[in-house]
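A short worksheet on the structure shown next.
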Amino acid sequence: MCGIVGYIGDKKATPIIVDGLSRLEYRGYDSAGIAVFKDNKVQVEKYEGRLSVLADKVLEKDYNGTIGIGHTRWATHGAPSDANSHPHTDQTGDIAVIHNGIIENYMKLKEWLIEEKGVSFKSETDTEVIAHLINYYYEGDLLDAVFKTIEKMEGAYAIAVVCKDEPDKIVAVRKDSPLIVGLGKGENFLASDIPAILKHTRDVFLIENDEVVLLTKDRVTIYNELRQVQAREIYKVTWDVESAEKEGYEHFMIKEIHEQPKGIHETLNRRLNSEGIIELDEIKITKEDLDKINKIYIVACGTAYHAGLVGKYAIEKFAKIPVNCDIASEFRYRDPFIDENTLFIAVSQSGETLDTLAALREAKRRGARILSVVNVVGSSVARESHDVFYTWAGPEIAVASSKAYTTQLTAMYMIALHMGLTKGALSRERYDEIIAEIGKMPEKVQSILDDFTDIQHLAGTQFNNESVFFMGRGLDIDVAMEGSLKLKEISYINSSAIAAGELKHGTIALIEDGTLVVALATQDKLYEKMLSNIKEVKARGAHVVAIAKEGNKEVEKSADTVIYIPDTMDELAPILSVVPQQLFSYYVAVARGCDVDKPRNLAKSVTVE
Ligand code: M6R
């Protein structure tokens, strides 16, 4: 996803910007560019490809500018190319703009600029329109021209602008796309994400929606849309950039898989009081509020959606409230039935996923109470929610989610238990029993991680498959969906997950000699049924890898390989059964030589529809 970095101060801007952009590489991008001052001109350099392509070209040139903006682009309007990369300039080349997000009415604006103003465009992007509009309104005051421009723009965006005639300022705007300002002494920074500037400062202003920021080297002024100056408290960043680095692991993904015991422990234990009761200070939903809630929607995308599916099961089981779990991009267009007795739970690692955010806004507009389960503190989803449950997974850099998922599961169980106890739907005894078992999860996950070599070996024998099927019943199908997504997104193997009972209704036609089937059989109630499903696919020639609980040895009679997870209650098995699937996907992707942390066509934070 696109990244923004800006610098204004006394140091050379180029190395600072390039370094900042490198901290955002994990978000996914296909081109990069900068605009800095040289010899009283705004110099723009931008190239398709990795940031190193840009870095090689610009770092050797002696740009003396101490002000500049830089961008990593993830293509939306117009294919990845040098011309479509940011920054974009107006016709004079004096005004340069970088932009995250989408300008929805850009076609209308573009036609007007071409027909009425005779502007000729150099790119296929929506962003270029912004540069030309600013030029159109520019009468010696960049801030004023930007204000006039954004009045004409519809959509979601964060932008940063520099202008040759005002070489002592950067103007930036946030509308539904993240933007922060880093505060230094005699220098200031701008970025779409905190890690980009953390090397330089821990003092940050979080810019709100519809705010415009004017940065000079000594001052940062924030304006609302009425051009009134806004006061802002400094947000002190307490986490360390070190934790966002690989610490000796070959990839972020495997590092993050190994960080799961810690993430689960933190998410749970930081909220348990001395009597073992979950205290959710961040959630202000009272018993009276809960008694009124007659319906819950859990809405999310990708992995977070898969965590939501388990959340649905847990809330219905422990709190006895009906739950729908929806894919965010579908939810907002299907006219869902929502009123003030509806609780809407958004689940998102980044807190910036546009589909989730848009669904949240729609639910809020219709009167729902919004609770979010989010990893990134201060993200848009968190800020727009009434109540927030932060998963303390720490920064997740790999595009493929792992520790975010298991901490989201932990969060969903905790919310379900909290609701169940508050409503009186769950006995204290049962509640204590489940909390105690969640408390054992870090150790149990660790034991699976310690035995990784068997899974690594299995991946070494199976990495050449063209397609893989995952199957399960009950909660196992929810986790099989996550296993399947993991495998396809990082190894590019065509995989799908099916409810095992559905096999006979179609999918079994695809099973032939050697087809790899990963069968989850962790649910005691459904174990016998799963054994029958395994036999069904074995009879058609499938190669079956089963995931089962320790002690359930019967499965060895029909599966080719069995991966055991530690014994646990059925309800909590997803936290464990996902781990061998994450490891399998990771080692398969490594064996296939894939770019594990940055899979093709994907981005970490999907801030476009
Ligand atoms: O940041 P979010 O949790 O809202 O992201 C949602 C999905 O884009 C994300 O989970 C995606 O599916 C991951 N690449 C899966 O590994």
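For clarity, every value in this text was computed on a predicted model and none was experimentally measured. As a basis for the values below, the full set of heavy atoms in this structure was taken, side chains included, without hydrogen atoms, waters or symmetry mates. Indexing begins at 1, ligand by ligand and atom by atom, following the structure's order.
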**OP:** Please determine if R592 forms a cation-pi arrangement with Y492, meaning its NZ or CZ atom is less than 6.0 Å from the six-membered ring centre and no more than 45° off the ring axis.
**Re:** no
Subject >> Cation-pi geometry met for R271 and F389 (6.0 Å, 45°) >> reply: yes
Heavy atom of the protein closest to [atom] (residue, atom name, distance):
{"atom": "atom 14 (N) of ligand 1", "value": "E489 OE1, 2.9 Å"}
{"atom": "atom 2 (P) of ligand 1", "value": "T353 OG1, 3.2 Å"}
{"atom": "atom 8 (O) of ligand 1", "value": "V606 CG2, 4.2 Å"}
{"atom": "atom 7 (C) of ligand 1", "value": "C301 O, 3.6 Å"}
{"atom": "atom 1 (O) of ligand 1", "value": "S350 OG, 2.6 Å"}

Original post:
At under 4.0 Å between heavy atoms, which part of E352 makes contact with ligand 1: side chain, backbone, both or neither?
Top reply: neither
Original post:
So is V399 close enough to ligand 1, meaning a heavy atom under 4.0 angstrom away?
Top reply: yes
Could you list which atoms of ligand 1 come closer than 4.0 Å to a heavy atom of [X]?
{"X": "Q349", "value": "1 (O), 2 (P), 3 (O), 4 (O)"}
{"X": "A400", "value": "16 (O)"}
{"X": "K486", "value": "15 (C), 16 (O)"}
{"X": "A304", "value": "3 (O), 10 (O)"}

Consider every N or O of [X] and every N or O of ligand 1, then say whether any pair is closer than 3.5 Å.
{"X": "T356", "answer": "no"}
{"X": "T303", "answer": "yes"}
{"X": "K604", "answer": "no"}

Is the gap between the ring centers of [X] and [Y] under 6.0 Å?
{"X": "F331", "Y": "Y297", "result": "yes"}
{"X": "Y586", "Y": "H251", "result": "yes"}
{"X": "H306", "Y": "Y405", "result": "no"}

Subject >> Heavy atoms from other residues, nucleotides or ligands near CD of E124 exceed 12 (cutoff 6.0 Å) >> reply: yes
Original post:
Hey, which of S496, S585, S495 is the one that makes side-chain hydrogen bond (donor to acceptor under 3.5 Å, both in side chains) with S484?
Top reply: S495
Subject >> Side chain H86, main chain H99, donor-acceptor under 3.5 Å >> reply: yes
**OP:** Kindly indicate, with the supporting measurements, whether the criterion salt bridge (charged side-chain N to carboxylate O under 4.0 Å, His left out) is fulfilled by R174 and E208.
**Re:** CA-CA 7 Å; R174 174 194 166 132; E208 301 282 347; over 6 Å; no
